[in-house]
Amino acid sequence: MATLAAASVICTLLAIGNIEANPGPFPCKICPIVPETIASSIRHQHYHSMDKNFKYYCPLAECMYFTSSFGSMNNHVSTFHRKTKHRADLSAAEPSAAELSAPNQDRTPNIPCYSCCVPDCIVSVPSLWELIQHFYRHLENGVEIPTCPIQNCDFKLPFKKKSNLQVHLSQKHRSWRDEGCPKKRPHSENFATHSTATSLPSTSRDQTEDMDWESTGEANCEANPDVDPLILNDELMFDCIAKFYLKLYGEFFLPYKIIQEISEAIALISNMMHCRVKVLLFNELTKLKISEQQINMIRFKIMCADLLYASHSKDIPGPTFTTDHLRKKYFEEHFHYKPPTEISLDPNSEKTNKKYMYVPVQQTLETLLEDPSVQKEIENSFQEQPAGQDGIISNYTDGQQYIIENHPRREIHLFVFQDGFNPVMNVLGSAKNKYKDLGVYFTIGNLKSIFRSKIASKHLIMLIRESVIKTVGTSKCFQKLKEHLGALEENGIIFKGENIKVVVEYFIGDSLGQHFIGGFVESFSGMYCCRFCNVKRKTYKKDPSVTHPLRTRLSFQHCLYRSRLTGKPYEGVKQDSVFNTLKYFHSSSHLVPCFAHDLLEGVISFDLSGILATFVKSKWMSYDFINRRIRKFRCVGVDTPNKPALVNVKGLKLGGHAVQNWTLLRLLPFIIGDKIKNKEHDAWKLYLQLKNLCEYFSAPEFCSSVVPYIKDVLLPQYFELRSKVLSSKVRPKHHFMCHYPELMLKYGPLIQLWAMPYEQKHKMFKNICRLSRNFKNLEYTLATRHQLNLCYLGTSPLFEEEITEAGSKPLSPDSHSGPVSQLIQHLNISQDWRECEVLIKDGVQYKHNDYLLLSSCGTQITGGFIRLIIIKGRNIEFFLEVINAFFNPDLGIYELPMVKTGFLQKVSRNQLKYPLPQPLYLYKGVEGFSLKNKLI
């Protein structure tokens, strides 16, 4: 109802926009329908809007505008296409006089008739199914049915109750619905051509014009701007209804009971409406002296035409959504829904808690590889050239580990993530660890890093209760996953008709989870706590910058052999990993570090807290002052969602999560920099060194030549100064950080392999648990809802360029003055470009006066303020006023000059090496910014 109401608004708004005649047709990009007008094309697209991430496209072929908003598309058409036709010539579609005067029987389908056998009843219906329904009504009114309606039935007794007939049909004629009963509703073409009743009395043209219900010819449907061919397509309309339910399951995570109540309410309301329509229709058609048989046929066709009613009624053949089972069955048949599998770890017991939910990797991959956006990304990864000789490392494929493995170019890589989490929030007491689960997810490594970071790229493999793992053991729990991954490595998967091998490239997770998967000791207080090398605890406690050579397969096997001989862990190795039998993976080389857990929640949390404690001891400020400044500080831009948390007054560690700690580290000079009385103080120098190290380790790309400088200069300097300033002990994560320089060379940019994007999946499961309110067999609920969410995401391409604009208008030099107008005229930019005030591209928002980084040279960064944003199709250009920023070594930030005047330059968005706008803050009246990572 909302769809039809919204669709009807477009005609009025387009008329207000003074849209003229139509250069159509406008083929739909999704289905074969070809609307004839701009209005009907936009209205037709609205019928597809139930798809996830649906985009409206401008119907005109020469215009590349698209948006996710129905209103924005209307504004665009009214603003930019006022001279475009709106209506087609309706006269061409009118039926001729000969067609109107033709006998009705020539246009009537040959429909079989089934007559009622009850005495004095003259009803005839077109199908056996309708006849049975008619008999049911007789029986409900106390009228006997003299014989079975099925031909050649030897049961001769009459039926006195409805239940008697139902039992007889179910026992003797199980397939009675197939005997003359239409399995499907009349096809859309039948509706369009044969919607009139059988042998209606002939009418004159004047009478025909008054009978709107009769004029439903094919030509008339196309001429009527309110009739879309999509409406007459049963399958697409059923899909639209199914997507509504899929959204309730997979995006809103409503409880099953609520969804069932919604379904029953729809069925009740639509049934009441149909009862009203039936009565009114019967009265009006009776006045026209139409026989009762014909009236019943018309009423039945109207019931079938209302697919919302039909899909919620068991009295109408075809798909129905009245139960949870029927809805999920439809999802499986039409939307590739793959329910999870429950795997029992104790086959001898039917009622066992030793089980887990499992989704085969191959099954998910087959579904994903049908997505055109995923196909495009994988195909592009196959075409990428090997790492060059320029020394720039920007992806995991540039890392030494990937290069020495000599992978074939056409290969699909998987990143597997595992981590423990509690889906039930705020659990206290004895139930605190009752529901704690281990989640295993994967993502396709061939995707671009920006897509790998999205939650839509993370797919569930298994959910298992941690208590089950402790009882059954790691090997048995992961046995099926190992077998399936091995089969993918051996047999591959079909991609565009070609067999492509699928391999596990890396396991991702926090240190505890990585030790669990790799077979290392899971205690970080023992003698050997590093999975990267065999350094002893007392060694790195004495000198944190000391590291031993990285472990190899050979050294791991040696430790494993000694461990098996002694029955105790040897040099940190306690058992073999179940995944070490895979082609490339090995515990010694494929367990990547997590930048967030090691640095942001480890080193930075402890050391920055100690530095702030030093400031407090020096009487420069108090904890109350620091927290008051943090509370009043206003974050802008990309920093807004991660405003720093208040500092823990105990001074042991910071109080925020990983990204909040990162934000506090970056913005500390703007928050309390004016209260640092001595910029040469060792504690402040330690802060600057920690900030500098974090910028190197978080870089999305880096030059390999800086790695020796980090390892041999920056890290020793930091730990030497740390020993003077902080009295807190060195922790294992400090030692892990010392491995980061060589791990950057080995794995590529570590920020692309951190665990934080995967932990967003935990948040989704927590929301499912909270909203669904079902704690019985919790893993089943979580896994099922996850698969329904994946099914809903699959209704549209997973990874598409998202462009949203606001305040759009045609580009004109006359609307600007000064350098902007001159540059538009100088570049001779055509008027088919448009300008906008705000633009969102791939989740990044750009607006006037944002500052974009262009390049870096030493202590100077070249950037520019956005003065104009113009767009044409998918091409985005910025007019930037270029102004350089200069590094302030006393604060570790970049500052802009007081007088901001520079030259104007046009820059394409695709040319931006650093596409994120830099948030600007004030320090003593001077604007500046703090980098997240080092620039090349």
Side-chain angles (χ1 to χ4, degrees), residues 52-53 242-243 245-256 258-259 324 327-332 335-343 355-371 374 414-425 435-444 451-466 468 477 480-481 484 508-509 755 757-796 798-799:
K52 179 70 174 177
N53 299 325
K243 288 173 185 175
Y245 281 110
L246 191 55
K247 194 170 187 177
L248 300 182
Y249 279 112
E251 186 171 49
F252 297 145
F253 306 125
L254 294 184
Y256 290 111
I258 300 298
I259 296 175
D324 178 72
R327 289 189 286 268
K328 289 180 179 176
K329 182 179 178 181
Y330 191 92
F331 299 157
E332 289 185 44
F335 299 138
H336 305 291
Y337 167 61
K338 306 293 183 184
T341 305
E342 187 174 81
I343 305 296
K355 58 187 178 181
Y356 64 93
M357 300 307 300
Y358 182 73
V359 182
V361 178
Q362 182 170 351
Q363 174 181 287
T364 306
L365 276 177
E366 288 173 349
T367 302
L368 292 174
L369 294 182
E370 294 179 4
D371 188 296
V374 177
L414 301 182
F415 294 162
V416 180
F417 169 83
Q418 52 70 40
D419 188 28
F421 69 103
N422 194 336
V424 183
M425 295 184 287
Y435 297 102
K436 194 168 183 181
D437 286 332
L438 178 77
V440 183
Y441 322 131
F442 82 92
T443 190
I444 300 176
F451 293 140
R452 291 203 302 265
S453 65
K454 294 181 178 293
I455 191 173
S457 68
K458 314 296 184 292
H459 309 290
L460 179 67
I461 300 178
M462 60 185 292
L463 277 176
I464 182 171
R465 199 71 62 93
E466 284 195 351
V468 174
C477 293
K480 184 173 287 292
L481 174 58
H484 285 188
I508 297 175
Y758 295 86
E759 294 192 356
Q760 291 298 313
K761 205 75 169 180
H762 297 343
K763 184 178 180 181
M764 188 187 83
F765 283 128
K766 290 176 183 289
N767 285 335
I768 292 174
C769 185
R770 178 175 58 87
L771 296 173
S772 63
R773 298 182 295 201
N774 185 352
F775 301 94
K776 187 176 181 180
N777 199 353
L778 186 58
E779 288 74 25
Y780 173 83
T781 300
L782 298 178
T784 301
R785 290 305 183 101
H786 174 274
Q787 292 303 100
L788 287 166
N789 176 260
L790 177 62
C791 179
Y792 180 60
L793 291 175
T795 58
S796 64
L798 282 178
F799 309 112

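Given the structure is predicted, the values throughout are model-derived calculations rather than measurements.
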Look at atom CZ of F421 and say whether more than 12 heavy atoms of other residues, nucleotides or ligands are closer to it than 6.0 Å.
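Yes.
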With a 4.5 Å limit on heavy-atom distance, are the side chains of L481 and V361 in contact?
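Result yes, sub-4.5 Å side-chain heavy-atom pair found.
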Are P339 and T784 side-chain neighbours, meaning at least one heavy-atom pair lies under 4.5 Å?
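They are not in side-chain contact.
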Output, in order, the C-alpha distance, side-chain angles, deciding distance and verdict of side-chain hydrogen bond (donor to acceptor under 3.5 Å, both in side chains) for Y249 and D324.
CA-CA 10 Å; Y249 279 112; D324 178 72; 2.6 Å; yes
Check whether any side-chain N or O of S457 sits under 3.5 Å from a backbone N or O of T443 as a donor-acceptor pair, and report yes or no.
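Not confirmed, S457 side chain does not pair with T443 backbone.
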Can you measure from [atom1] ([X]) to [atom2] ([Y]) and round to the nearest 0.5 angstrom?
X: I444; Y: L365; atom1: CD1; atom2: CG; answer: 5.5 Å
X: N422; Y: H762; atom1: CG; atom2: NE2; answer: 11.0 Å
X: N774; Y: I768; atom1: CG; atom2: CD1; answer: 11.5 Å
X: K247; Y: K243; atom1: NZ; atom2: NZ; answer: 11.5 Å
X: E342; Y: Y780; atom1: CD; atom2: OH; answer: 8.5 Å

Per the side chain to side chain contact (heavy atoms under 4.5 Å, CB included) rule, which among N767, D437, T781, L463 passes with P423?
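Going through N767, D437, T781, L463 one by one, the side chain to side chain contact (heavy atoms under 4.5 Å, CB included) with P423 is satisfied by D437 alone.
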All ring pair (Phe, Tyr, Trp, His ring centres under 6.0 Å) counterparts of Y356, not counting sequence neighbours:
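Scan of Y356 (ring pair (Phe, Tyr, Trp, His ring centres under 6.0 Å), adjacent residues dropped) gives none.
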Counterpart residues, ring pair (Phe, Tyr, Trp, His ring centres under 6.0 Å), relative to F799 (two or more places apart):
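By the ring pair (Phe, Tyr, Trp, His ring centres under 6.0 Å) rule, F799 matches F451.
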Solution key, residues 786-793 side-chain donor-acceptor pairs under 3.5 Å, sequence neighbours excluded:
residue	atom	partner	partner atom	Å
H786	NE2	L460	N	3.4
H786	NE2	K761	NZ	3.2
Q787	NE2	K338	O	3.0
N789	ND2	G250	O	2.6

Can you tell me which residue pairs pass the salt bridge (Lys or Arg N to Asp or Glu O under 4.0 Å) test with a partner in residues 769-785, sequence neighbours excluded?
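Checked against salt bridge (Lys or Arg N to Asp or Glu O under 4.0 Å) - neighbours excluded - the pairs reaching residues 769-785 are R465-E779.
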Apply side-chain hydrogen bond (donor to acceptor under 3.5 Å, both in side chains) to Y358 and list each qualifying residue two or more places apart in sequence or on a separate chain.
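Checked Y358 against side-chain hydrogen bond (donor to acceptor under 3.5 Å, both in side chains); matches are H484.
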Within 45° of the ring axis of Y758 and under 6.0 Å from its six-membered ring centre, is that where the NZ or CZ of K458 lies?
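Yes, cation above the ring, under 6.0 Å and within 45°.
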Mind checking what makes side chain to side chain contact (heavy atoms under 4.5 Å, CB included) contact with F775, not counting sequence neighbours?
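Per chain and number, F775 pairs via side chain to side chain contact (heavy atoms under 4.5 Å, CB included) with V424, Y435, C769.
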